[in-house]
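Lettering of chains follows the sequences in order, A, B, ..., and the numbering in each one begins at 1.
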Amino acid sequence: MADRTRDRLLELYQTLLAAYGPQGWWPGEGPFEVVVGAVLTQATSWRNVEQALVNLKAAGTLSPEAMANLPPDELAALIRPAGFFRQKARRLAELVAWIERSGGLSSVLRLPTAELRASLLAVPGIGPETADSILLYAAGRPVFVVDAYTRRILTRLGLLPHEHAPYPEVTRLFTDHLPPDPGLYGEYHALLVRHGKERCRKRPRCPGCPVAAQCPFPSGSTCTLDPDPR
DNA sequence: GTCCGGTCCA
DNA sequence: TGGACTGGAC
C-alpha cells in the first residue's frame, strides 16, 4: 500500500540532513547530563544551558547523588545562566528525588517505555516534550519529540492541519509512518530544530531554503501569516 | 525589544 | 486561554 506521508517525511529528512548535516544530538556525556539538560533547556536556548552545565560540572554536582545533597539555593545559583533558575532548581530537585527513590538512574532507564514515560510525567515540571527528550536521548527509546518548531514546519509543509494539533497526534505522524529507530528520530528532531531556528522561523526566510521544493508556500508569495483556526 | 530545544496555574 | 517563571544572545 502506498504511504504518501511516509515518502514525504523521508524526503524531508533526507533534504534536511543533506542541507545541515548530522547535528550530533544530544551533546554531552552520559544519561544524567542529558536528563539535566532536558530540564534546563525548557524555553531556553542551548547556548545558555551550556554555561549552567559547566557550572554544575565544575562544582562536581553533575550526578544524581551529588545533586540530591545540594541545598536548593546553591543549585539555583549554579544553573542561573539557564534562566528560570528557581523554578528549574525545584524541578531538578524533584526529578533527582524521584530517581533516587527509584533505585538510581540506571534502574530508572531500564523501565518499560510506557511506565517510564508515565513516571516522568508525574514529576512536577516534566511535561511531554521534556519526558520524550529523556526517553529518546537518555533511554534510547523510539519516541518522537515534538516541539514548537516541529509543529510550525509540518504545518507549513501541509503535513499537519494546524500548529495546535495535539501532542500525541504530532508524535503519531512520525511513529505511524517511520520505522521505530531512535537514531533516526533523534537526528530528525535535531534537524527540525536547526531548520526551525535558521530558516523556518515565525517570519520565514524562504529564499534559498533547502525545503522550498517540498513547501506549498515558499518565498513571500502568500501565507506567511498562519490562518490557524483553532 | 524579541526569542529561546516548556510547564504550570488561575 | 493567558500569564509567570528568568537570564542571556542577537
Side-chain angles (χ1 to χ4, degrees), chain A residues 13 16-17 20-28 31 33-56 72-98 117-139 141 143-155 162-168 170-171 174 182 184-205 224-226 228-230:
Chain A
Y13 176 73
L16 294 175
L17 185 60
Y20 301 115
Q23 299 301 295
W25 277 30
W26 192 282
E33 190 170 338
V34 175
V35 168
V36 173
V39 172
L40 293 180
T41 197
Q42 291 172 349
T44 301
S45 63
W46 186 256
R47 185 188 301 257
N48 294 341
V49 173
E50 280 175 333
Q51 185 56 50
L53 288 172
V54 165
N55 292 349
L56 289 171
D73 52 321
E74 288 184 33
L75 179 54
L78 291 171
I79 65 172
R80 176 174 257 269
F84 300 148
F85 56 91
R86 275 185 285 268
Q87 190 184 73
K88 285 175 181 175
R90 260 179 264 127
R91 292 177 179 184
L92 285 175
E94 295 270 13
L95 187 53
V96 164
W98 167 70
R117 187 168 201 274
S119 302
L120 284 168
L121 289 175
V123 176
I126 308 294
E129 186 182 335
T130 306
D132 285 344
S133 295
I134 292 170
L135 284 165
L136 177 60
Y137 293 106
R141 310 303 170 84
V143 303
F144 204 96
V145 179
V146 172
D147 65 354
Y149 294 129
T150 310
R151 291 190 150 87
R152 186 160 74 214
I153 294 167
L154 292 187
T155 302
H162 58 269
E163 287 205 48
H164 299 282
Y167 190 99
V170 187
T171 303
F174 292 91
L184 171 65
Y185 291 1
E187 191 61 54
Y188 207 152
H189 172 68
L191 285 165
L192 287 171
V193 171
R194 173 77 182 273
H195 184 59
K197 40 182 171 194
E198 201 160 306
R199 278 271 171 212
C200 207
R201 305 171 158 207
K202 273 209 166 129
R203 183 66 64 88
R205 303 184 168 181
T224 45
L225 303 183
D226 308 334
D228 184 21
R230 199 64 30 121

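- Ranking C:dG7, B:dG6, B:dC4 by closeness to the A:T130 side chain, first place goes to B:dG6.
- What separates CD of A:E94 from P of C:dC5 is a distance of 19 Å, to the nearest Å.
- Comparing the P positions of C:dG8 and B:dT7 gives an interatomic distance of 23 Å, to the nearest angstrom.
- For residues 185-201 of chain A, the pairs satisfying salt bridge (charged side-chain N to carboxylate O under 4.0 Å, His left out) are A:R194-A:E198, with sequence neighbours left out.
- Taking atom OH of residue A:Y167 and atom P of nucleotide B:dG6, one finds them 11 Å apart after rounding to whole Å.
- Checking C:dT6, B:dG6, B:dC4 against the side-chain heavy atoms of A:Y149 singles out B:dC4 as nearest.
- Taking atom CZ of A:F85 as the reference point, atom P of B:dT7 lies 20 Å away to the nearest angstrom.
- A:T130 pairs by the side chain to side chain contact (heavy atoms under 4.5 Å, CB included) definition with A:A38, A:V39, A:Q42, A:I126, A:I134, not counting sequence neighbours.
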For nucleotides 8-10 of chain B, give me every protein contact, N/O to N/O, under 3.5 Å, one pair per line with atom names.
{"residue": "B:dC8", "atom": "OP1", "partner": "A:G125", "partner atom": "N", "Å": "2.9"}

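- Distance CD1/A:I79 to CG/A:L53: 10.0 Å, rounded to 0.5 Å.
- Residue pairs that meet the salt bridge (charged side-chain N to carboxylate O under 4.0 Å, His left out) test with at least one member in residues 121-137 of chain A, sequence neighbours left out, are A:R117-A:D132.
- Annotation: side chain to side chain contact (heavy atoms under 4.5 Å, CB included) contacts of A:P182 (sequence neighbours excluded): A:L136, A:P142.
- Counting to the nearest Å, the C1' atom of C:dT6 and the CG atom of A:L78 are 16 Å from each other.
- Taking a 4.0 Å limit (strictly below) on heavy-atom distances, residues 44-53 of chain A reaches DNA chain B at A:T44, A:S45, A:W46.
- Residues passing the ring-ring contact (aromatic ring centres under 6.0 Å, His included) test with A:Y185 are A:F144, sequence neighbours excluded.
- Summarising the geometry, the separation between CG on A:L95 and P on B:dT7 is reported as 12 Å, rounded to the nearest angstrom.
- No side-chain heavy atom of A:Y188 sits under 4.5 Å from any side-chain heavy atom of A:L17.
- The side chain to side chain contact (heavy atoms under 4.5 Å, CB included) check on A:A139 picks up A:L109, A:L116, A:R141, with sequence neighbours excluded.
- In this structure, the side-chain hydrogen bond (donor to acceptor under 3.5 Å, both in side chains) partners of A:Q51, at least two apart in sequence or on a different chain, are A:N55.
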For DNA chain C, the dot-bracket pattern of Watson-Crick and G-U pairs whose distances stay under 3.5 Å, | for other-strand partners: |||||.||||
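- Applying the side-chain hydrogen bond (donor to acceptor under 3.5 Å, both in side chains) criterion to A:H189, with sequence neighbours excluded, gives no partner residue.
- Residue-level contact check: A:F84 touches the bases, meaning some heavy atom is under 4.0 Å from a base atom.
- Residue A:S119 comes nearest to A:W98 through the heavy atom pair CB-CZ2, 3.5 Å, listed as atom of the first residue, atom of the second, then distance.
- Residue A:K88 contributes atom NZ, which lies 18 Å from atom P of C:dA4 at whole-angstrom precision.
- A:R205 has its CZ atom 10 Å from the C1' atom of C:dC10, to the nearest Å.
- A:P72 is linked by a side chain to side chain contact (heavy atoms under 4.5 Å, CB included) to nothing, counting only residues two or more places apart in sequence or in another chain.
- If you measure from atom CD of A:E129 to atom P of B:dC4, you get 12 Å, rounded to the nearest angstrom.
- Separating the P atom of C:dT1 from that of B:dC4 is a span of 23 Å, rounded to the nearest Å.
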